[in-house]
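Below: the structure, in C-alpha cells.
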Amino acid sequence: MSEDIKKFLYVNRKAPYGTIFAQEALEVVLIGAAFDQDVSLAFLDDGVFQLTKGQDTKEVGLKNFSPTFNALGDYEVTKFYVEQESLDERGLTLDDLQDVQYEDEDDDYNEKPSIIVVSRSQMADVMADQDVVLSF
Amino acid sequence: MKFGIVVSAGPYTYEASDSAFNFIKAAIAKGHEVSRVFFYHDGVNVATRLSIPPQDDRQIQQQWTDLAKEHDLDLVVCIAAAQRRGMLDKNEADRQGKDADNIAEGFRISGLGQLIEMSIQADRTITFGD
C-alpha cells in the first residue's frame, strides 16, 4: 500500500429507490472523491438495477439520481464492477444498463466505458484486493 | 490494531448498534484502539437523547454516551443523514431555525469526510448494518 492512497470499494447491493441505501452510498462516493483515493464501485444482487437506463421516478416522487453515475468519471471514479450472475438472475444484460463512460486523460481524453462486467468469482477477487470495503 | 467502526442501521429495530457496541468493548479490552465510530443511514438515530426505552431494556444511547466518556471515543453522526432524519445538535437547530435539538452528550455532528478519513487512517474499517 503506497503512502496514504488506499483502495476503496463501495459495494452497492440494493435496488435504487426501495430504500435510501443507493442514494446515501452515492453521497459517500461523491464526498470520498475529494480524498484522492483509488476508488471502485461494485454492483451486485439488486444493486445492478441502480445502473439500468431510462429510469423515471416522477410518479413515485423520488429524485432520479441515476444521471449522477455518468458524472463520476469527472471525479476519477471510473471502475464500475458489475456482477454477471446478478444480471443473469434478474433477466438483465449489459444493453439494459446506462453506457457509463469516462474520459481517459492518459489516452488523449478518449471516452471509455466505466462498466466492467465480472463473474461472481472475479468479484470475490476484486473485493479481496481492496483496503476498505464499504457496503450499502 | 486501529479500528474504524461504521454503524448503519437504526437502534432497537436492528441489533447492529448493539453488536458494534459489544465489539468495541471487546476490542478495547484486548488492547486495540478504536479511532472513531461513524453513524450513518438510520444509525444516526442512536444519538437521540429523547428516546425512552422500557426500564428493563438496554439503554442504547446512554450506553454509547457512557462508553465514549470512559474511553474518550469519537462518536460522529453524519450531518446529511442526520438532518433528513430530524437529528440536530444545538448549533444546527439554531442555524436552521428549529425549536429543538436532540443530539446526546458524547456524540458530535460532522460530515461524510470523517468516514473517509477514518477509513484511510484505520487498519480495518468494520461496518455494522443491515
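Letters go in sequence order (proteins before strands), and every chain restarts at 1.
In the hydrophobic cluster analysis, where Ile, Leu, Val, Met, Phe, Trp and Tyr join through side-chain heavy atoms closer than 4.5 angstrom, A:Leu9 is grouped apart from A:Ile5. Residues B:Val34 and B:Trp64 share a single hydrophobic cluster, defined by chaining ILVMFWY side chains whose heavy atoms lie under 4.5 Å apart. B:Phe38 and B:Val77 fall into different hydrophobic clusters, where Ile, Leu, Val, Met, Phe, Trp and Tyr residues are linked whenever their side-chain heavy atoms come under 4.5 Å apart, directly or through other members. Linking Ile, Leu, Val, Met, Phe, Trp and Tyr residues whenever their side-chain heavy atoms come within less than 4.5 Å leaves B:Leu115 and B:Phe39 in two separate clusters. A:Tyr17 and A:Leu92 fall within the same hydrophobic cluster, where Ile, Leu, Val, Met, Phe, Trp and Tyr residues are linked whenever their side-chain heavy atoms come under 4.5 Å apart, directly or through other members.
Counting non-hydrogen atoms of other residues, nucleotides and ligands closer than 6.0 Å to NZ of B:Lys69 gives a total of 12 or fewer. Within a 6.0 Å radius of CD in A:Glu76, no more than 12 heavy atoms belonging to other residues, nucleotides or ligands are found. No more than 12 heavy-atom neighbours from other residues, nucleotides or ligands sit within 6.0 angstrom of OH on A:Tyr75.
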| said: Quick one, B:Arg85 with A:Ile20, criterion side chain to side chain contact (heavy atoms under 4.5 Å, CB included). Give me CA distance, side-chain angles, the key distance, then yes/no. | reply: CA-CA 12 Å; B:Arg85 291 170 178 83; A:Ile20 200 169; 3.4 Å; yes

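If you measure heavy-atom distances from A:Phe21 to chain B, the contacts under 4.5 Å come from both the backbone and the side chain. Neither the backbone nor the side chain of B:Arg124 comes within contact range of chain A; no heavy atom of the residue lies under 4.5 Å from a heavy atom of that chain. Of the atoms belonging to B:Leu112, heavy atoms from both backbone and side chain fall under 4.5 Å from chain A. With a 4.5 angstrom heavy-atom cutoff, A:Gln130 does not touch chain B via any of its atoms. With a 4.5 angstrom heavy-atom cutoff, B:Ser119 touches chain A via backbone and side-chain atoms both.
Across A:Phe35 and B:Ile120, no two heavy atoms sit closer than the pair CD2-CD1, 4.0 Å. Residues A:Glu24 and B:Tyr40 approach most closely at O-OH, 2.5 Å, considering heavy atoms. Between B:Ile116 and A:Tyr10, the closest heavy-atom pair is CD1-OH, 3.4 Å. The two residues A:Glu27 and B:Ala80 come nearest to each other via the heavy atoms OE1-CB, 4.0 Å.
Put simply, of A:Val28, A:Thr19, A:Val133, the one with the most heavy-atom pairs under 4.5 Å next to chain B is A:Val28.
To the nearest 0.5 Å, atoms CG (A:Leu134) and CD1 (B:Ile126) are separated by 12.0 Å.
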